[in-house]
Amino acid sequence: MNAENIRIPQNLNNKNVQQIKTNTKMKNVIITSFILALVLSSCADKSQAPAAPAPPLLPVLAVTSENTTTDAEYPASIQGTVDVEIRPQVSGNLERVYVDEGAYVTKGQTLFKINERPFREQLNNALASLHAYEAALINAQLEVDKLTPLVQNKVVSDYQLKTAKASQKIAAANIEQAKAMVGSAKINLGYTTVTAPVSGYIGRLPKKQGSLVSATDVEPLTNLSDVHEVYAYFSLGETDFINFKAQYAGNSLGDKLKKLPPVTLVLADNNAYPQTGKIDMVDGQFDKTTGAITLRATFPNAGGTLRSGNTGKIRLGLQHDDAVLVPQSATVEMQDKVFVFTVNKENKVAKMPITVSGKSGTNYLIKDGVKSGDLIVLSGIDKLQEGQVIQPEKSTPSKVAQIINKK
């Protein structure tokens, strides 16, 4: 509105007219300023409003199912193929100790020497008795030879000949008894030299040279272990044993044992023993106390790395057909539950609980929760929220491996 175009009543004087024009101009200025302020404020709000953030770009992976193997570990105790206690068979003074603790000995090698003098004298006494009985047999034979013609000529009665023959048989029996005493004395004399029944490693030597030893001692002279091969004993519960048998073909347990794959021995330092073993024995019955059955795996041990008394774990590989696999790095644990983030067609994520039935390398075997073909977020899940929209980036095998290795 222009002040000059305003109609002024004729009865107003010049002073009033001037006042009206002034008021009109001021109103126009105020209105114009107000409109300008609104325009500027609107422009300022548009320039200062932040833009909506773009959805995060995250790698995703399609869940797959394939044939795989899981590892189950069972505590094992290790023994040599032959573990024997070396005990004295006769009593006496331990005259010599020929080996040291931990030494390797061969079969037949002399280990200990017990004082043999008392046993040699026993042998000499038995030999003397044998010679005496041999002489008595000769005398009895001479008596029989003398009386035989006299009886035939009826010079003497046959009673005397029968008595002479009986004495001859007694002398012969005495000789047999004396021979047995000689043999027993020789055996006892041989027991004074204690030799190794097998090749292996010597254990502790509680009895030192000069000790008095006896066959009735509670503690043995030492222990000897043949460990060119070792046995690893482990136990399976009833359910595990049923699953174990179901894994392999065969009409009998013996047939199944022949088809079993090699097993791995994990040592106490969690490193795998470099050579694999073979399960070759299953106990005939379950232990009533533990409800478990014992199996035995045999491992070669040419280098003597393993010793009797070692402990470890037997790692069994169990085959799973069409198992659903999810990388462990794509999961998150909360309150003893495992979750993954699935992605729907609208690229929205949802936290999905899963049931894990085992592990295969860096993957979980999924029993329930997701199925083959489902899309899950591979990494960056620690910052995701339920229902959040993402930009899915399909992962190649090399990228999946790279992400898993970073974890």
Flag, side chain of [X] to backbone of [Y], donor-acceptor distance under 3.5 Å:
X    : Y    : result
S225 : S308 : no
D269 : N271 : yes
S211 : V213 : no
S167 : T163 : yes
D287 : G291 : no
K359 : Y364 : no
N93  : G210 : yes
D158 : K162 : no
N174 : Y133 : no
N363 : L325 : no

Could you pull out the closest heavy-atom pair between [X] and [Y], with the gap in Å?
X    : Y    : result
A164 : E143 : CB-CG, 3.6 Å
N347 : P392 : OD1-CG, 3.5 Å
V266 : E73  : CG2-OE2, 3.9 Å
S379 : L58  : O-CD2, 3.9 Å
A178 : L130 : CB-CA, 3.4 Å
A76  : A232 : CB-CB, 4.4 Å

Measuring from Y231:OH to D83:CG, what's the distance to the nearest 0.5 Å?
10.0 Å
Which value, rounded to the nearest 0.5 Å, describes the distance between M352 atom CE and I366 atom CD1?
12.0 Å
Hey, does K313 have a side-chain heavy atom less than 4.5 Å from the side chain of N270?
yes
Are F286 and E238 close enough that some pair of their side-chain heavy atoms sits under 4.5 Å apart?
yes
Would you call E85-R87 a salt bridge at under 4.0 Å N-O?
yes
Salt bridge or not between E101 and R204? Use side-chain N to carboxylate O under 4.0 Å.
yes
Just checking, is any N or O donor in the side chain of T298 or K278 under 3.5 Å from an acceptor N or O on the other one?
no
Between F299 and the options I78, T264, I314, the side-chain contact (heavy atoms from CB on, under 4.5 Å) test singles out I314
